[in-house]
Amino acid sequence: MNKLKVYFAILCDQELIKKSLKIALVVGTLLNIINQAEILLALDFVNIDYIKSLLTYMVPFMVSSYTAVSMKMKFKIGDTTHVNTTLMCKGCNQVIQVHKDEIVPVCTNCKEKTQWRIK
Ligand SMILES: [Zn+2]
């Protein structure tokens, strides 16, 4: 449950949404041109499949935002945290609290082999 809360907290980051929207605009436009080239180039607005167009923009938005969020949820040592949360060391089960914009520390037991997971 906490993992889901962290996921949505990161997903609501405005910078992440802006970047995902930019990617969706560029990639979605290219894919729409590929998928409906004849209709779009003829400016045949009656026969454009608007649902297909919308979905074509949504797919790159979802892929890019999912990728960004999943990368930010790794909590690698030395990375900056994006949310307040509780982490548990995969190696020794040590639990720590991290706060937004902190540097992810090493586990005092596992040192450079530390791998955190959200508790
Ligand atoms: Zn550890």
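Atoms within a ligand are numbered from 1 in the order they appear, just like the ligands themselves.
Only protein N, O or S atoms were considered, and those under 2.8 Å from the Zn ion (ligand 1) are Cys89 SG, Cys92 SG, Cys107 SG, Cys110 SG.
With contacts defined as side-chain heavy-atom distances shorter than 4.5 Å, the pair Val83/Lys100 does not qualify. Residues Ile77 and Cys107 fail the side-chain proximity criterion, which asks for heavy atoms closer than 4.5 Å. Side-chain contact between Lys74 and Asp79 is absent, with no heavy-atom pair separated by less than 4.5 Å.
Put simply, NZ on Lys113 and NZ on Lys90 are 15.5 Å apart, with the number rounded to the nearest 0.5 Å.
Not one N or O on the side chain of Asp44 forms a donor-acceptor pair closer than 3.5 Å with the backbone of Ile39.
Residue Met58 places its CE atom among 12 or fewer non-hydrogen atoms of other residues, nucleotides or ligands, all under 6.0 Å distant.
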